Amino acid sequence: MQKKRWIALTALRKVLTCAICSIALVALFSVHVHVFPSSKIPKFPDPFKLPTQHDIKYQKLSAEQSWTLELAPPHLLKAPLPSRKLDGSSGTVETDKLWKPPPNRDFVPCVEPSPNYTSPTESRGYLLVHTNGGLNQMRAGICDMVAVARIINATLVIPELDKRSFWKDSSNFSDVFDEDHFINALANDVKIITKLPKELATGTRAVKHFRSWSGMDYYQEEIASLWEEYEVIRAAKSDSRLANNNLPLDIQKLRCRACYEALRFAPQIEAMGKLLVDRMRSFGSYIALHLRFEEDMLAFSGCTQDLSPAEADELRIIRENTSYWKEKEIDPTERRSKGFCPLTPKEVGIFLSALGYPSNTPIYIAAGKIYGGDSHMAALRSRYPILMSKETLASVEELEPFTNHASQMAALDYIVSVESDVFIPSYSGNMARAVEGHRRFLGHRKTISPDRKALVRLFDKLEHGTLKDGKNLSNRVIEMHRKRQGSPRKRKGPISGTRGTESVEEEQNARVCRSGNELPETGPSIYDQGMCFAKLAWFPLSRIG
């Protein structure tokens, strides 16, 4: 009897043991699933084929076409897991602080015309415009010419894009910008037509190089007087032809509307740009890095840091053989010490690490072909392996309609840069300033402008071994850039250390809305920051960087 009781007790013990083990396994599995969520990206439907330029020319993209569900190329299917905290040279830094936009101090964009603003008066003639420079130089010039057309009561003919500059781009206005939207958006400001009437196409016209940074008197008196003899005035160049100070408020706001509302990219560029943004977003928050390390930039600037003697000599020859680059003899060491050289890829890597961005930060390279290719990108890639570009985010077939058109490719970079969580330019050129301005206009999105002059001194100390890559460097870099992140500040004229045209551009005007007292009209270009009108008063700002 006792033996049977012992057998029953043993059996009961085994049953209880199995039950306990089962419960433990279920609990363990549940915790595992909760703690380590799957990083698998949801499957997307079949990709929508990007229409060719020929198709787009006659038919705009339908609003129903969704670009957010595009299937990314195979190498983009694994996104990095988000990092909550950064443990590195700068200590422990919360991730959200790295991506948090700067305070806007209640500045908001205001572009609506004043109550006494009227529709365009009867046209006195036609204004032809030949734009010059790269994409962003042409954008600013076009917006200025819209204002000039208003000032001299002209009908503006759709501007001709520069086809003779360094890039030899054959694009027409409608290839880069939405022509219909441009005309319609400015219908209450300036009459715009696509081409001259046939009877005037071969007639005599006044060809003028408008004086740089000219004000109302120049255009209303000297240029408008040409209507007495000519029906057509041709502006031979468009960049920097209109001053930003001491102009009527409605002219300033017109320039702002032209830049940020009327001058929209062509539908096929907008669609492709949105696709690139969506694919970058699959990695999480990202930095758009405008890396000015292309052949033309290095040859023009004469900067040779991190280049071999053979590369420096090759770039010198290019500069000497480019007739419209006037400066031939350049001291690269002196230029770099003054902060006039773009940061190299290696220096950018050090800079980003010192700011506290972790190695798994996705970075979009907004640039043309990097001089020297992988050899010069290796140092940056060793710190930040997730380096993307339009060429790696999209297939050859998707980019084919835009390839060999520098302005269209630059427009794609512009879109991804404006939409990025953080924008960092390695040099304060036309695109850097244009993107910074657009981001300010859209709500002061975070834009970190490197203090190149100060950074060069730190980089040289690292090179000579008098400073180590660690907490001390990080603290110094963070502190010197605490107020260089795109927040508004009072404009005070040219920033110390600017030179040449940069200094002239710094004098130009930029405004956004805010209640307050009227302040002196000095500061950077309106396209660097956005120029807007406040109901109570003007409040000028100063561009940072």
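Because the structure is a prediction, the values reported are computed rather than measured. One is the number of the first residue; the rest follow in order along the sequence.
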Under a 3.5 Å threshold, yes or no: a donor from one side chain and an acceptor from the other, between S171 and Q408? yes
Thiol sulfurs of C259 and C143 closer than 2.5 Å: no
Ion pair check, D278 and R281, cut-off under 4.0 Å: no
So, are E320 and R316 salt-bridged, with charged N and O less than 4.0 Å apart? yes
Pairwise distance CG(D239) to CG(D144) - rounded to 0.5 angstrom: 9.0 Å
Give the intermediate values and the outcome of salt bridge (charged side-chain N to carboxylate O under 4.0 Å, His left out) for residues E391 and K369. CA-CA 10 Å; E391 290 81 7; K369 184 179 179 181; over 6 Å; no
If you measure from the Lys or Arg side-chain nitrogens to the Asp or Glu carboxylate oxygens, is any gap between R445 and E419 under 4.0 Å? yes
What do you reckon, is CZ of F300 surrounded by more than 12 foreign heavy atoms closer than 6.0 Å? no
Nearest 0.5 angstrom please: D460 CG to S337 OG, how far? 9.0 Å
Considering only NZ, NE, NH1 and NH2 on the basic side and carboxylate oxygens on the acidic side, decide whether R292 and E294 come within less than 4.0 Å. yes
Working to the nearest 0.5 Å, report the span between NE2 of H481 and CD1 of I424. 9.0 Å
Would you call the rings of F177 and F265 parallel, tilted or perpendicular if under 30° counts as parallel and over 60° as perpendicular? parallel
Could you tell me whether the side chains of S174 and N172 share a donor-acceptor contact shorter than 3.5 Å? no
Check the pair E436, R440 against salt bridge (charged side-chain N to carboxylate O under 4.0 Å, His left out), reporting the backbone distance first and the verdict last. CA-CA 6 Å; E436 179 184 359; R440 286 179 183 275; 3.0 Å; yes
Using 30° and 60° as the class boundaries, would you call the ring planes of F173 and F182 parallel, tilted or perpendicular? tilted
Can you see whether F459 has R452 sitting over its ring - NZ or CZ less than 6.0 Å from the centre and within 45° of the normal? no
Are K390 and D413 within salt-bridge range, i.e. N to O under 4.0 Å? yes
Under 6.0 Å from the NZ atom of K328, do we count more than 12 heavy atoms belonging to anything else shown? yes
Between OH of Y427 and CE of M297, what distance do you get to the nearest 0.5 Å? 4.0 Å
Evaluate whether atom NZ of K191 has more than 12 neighbouring non-hydrogen atoms of other residues, nucleotides or ligands under 6.0 angstrom away. no
Looking at D331 and R335, is any side-chain nitrogen of the basic one under 4.0 Å from a carboxylate oxygen of the acidic one? no
Should the ring pair H376 and F293 be called parallel, tilted or perpendicular, given that the plane angle runs from 0 to 90° and is split at 30 and 60? perpendicular
